[in-house]
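Throughout, residue positions are numbered sequentially from 1 according to the sequence presented. Note that ligands are numbered from 1 as they come in the structure, with each ligand's atoms numbered from 1 the same way. Owing to the predicted nature of the structure, the values given are computational and were not obtained by experimental measurement.
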Amino acid sequence: MNTSFVIAQISDLHIKTAGRLSYKKVDTLGALRICIAQINRLAPLPDAVVITGDLTDFGLDAEYAEVRTVLDSLVVPWFAIPGNHDARPAFRRALADKSWLQPLGEFINWTVDDFPVRLIGLDTTVPQQPWGEICEARLAWLQARLDEQPDKPVILLLHHHPFISGIDHMDRQNLRHTEGLEALLANAPQVVRVLCGHVHRYMVSTLGGKVVCSAPGTSHQVAPDFSPDGPANFVVEPAGMLLHRWRAQQGITSHYLPLGEYEGPWPFYDENGLID
Ligand SMILES: [Fe+2]
């Protein structure tokens, strides 16, 4: 078995149809094309890409068809969980050919066992609502999956952030009632990272002793406004993705990569040593 693993995490694609801009400002499809091209140029390539929800803006079949035209150009396997902007039936229809997606069931939960780190996708969505929850059924499903292979490292994927971000309007729609998940994680030493999206910013927090990373959006970001009752605004800062690198003897490190073209790389050193 391979003892190294790298995944790229992207999130909150919010794809619309026919060139429409999200919130009349953001070319989410163009941004996704830039993102996927950048992933395909990474050297070495990641082993897989995970998408932590909000593939589409309104959960429409046509939006899923659009997003697939871009995702299918990925040269590595990809896996996705739904977000609050997705719709489970349309999500299932659009991804019906994916072996990791169970064709039936209320929730879109899955596991991937193809890598040295097990991926567990947990559906935190509540239909028609922006916030998330992990009900008793989903918590029991997750515990059963963890009990199956207690010694294999796990990366757990959620859409909703299971922490307080400090951005009020997002925290009114975070993952609610996290006590059960917190207790489960505290007794799950095999979970090496918890990943989420939804907040459209790179944030790091903890839950049940685990580091939780939220990915930036692939297009627009939520404005970093910590004022109480601050407005629900977005900004078009540089978009980004996360790379999570795991090694059997080294553990996991999580990296932030902005999307786009930048100058470099250039050397620190030349034949005289550190360049002055
Ligand atoms: Fe989103």
Keeping waters out of it, list the protein N, O or S atoms under 2.8 Å from the Fe ion (ligand 1).
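Protein N/O/S atoms under 2.8 Å of the Fe ion (ligand 1): D12 OD1, H14 NE2, D54 OD2, H200 NE2.
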
Ring centres under 6.0 Å, that's the criterion: do H220 and H14 meet it?
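Yes; H14 has its ring centre under 6.0 Å from that of H220.
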
Quick check, are the ring centers of W100 and F79 under 6.0 angstrom apart?
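Yes, ring centres under 6.0 Å apart.
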
Are the side chain of D168 and the backbone of P228 linked by a donor-acceptor contact shorter than 3.5 Å?
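Pair absent, no side-chain N/O of D168 close to backbone of P228.
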
Short side-chain to backbone donor-acceptor contact, D12 and H198, under 3.5 Å:
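Yes; at least one donor-acceptor contact below 3.5 Å.
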
Lys/Arg N to Asp/Glu carboxylate O, D113 vs R145, below 4.0 Å:
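Not counted as a salt bridge, because no side-chain N and carboxylate O are separated by less than 4.0 Å.
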
Would you verify whether the NZ or CZ of K98 falls within 45 degrees of the ring axis of W78 while also being under 6.0 Å from that six-membered ring's centre?
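Judged by the rule (NZ or CZ under 6.0 Å from the ring centre, within 45° of its axis), K98 counts as positioned above W78.
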
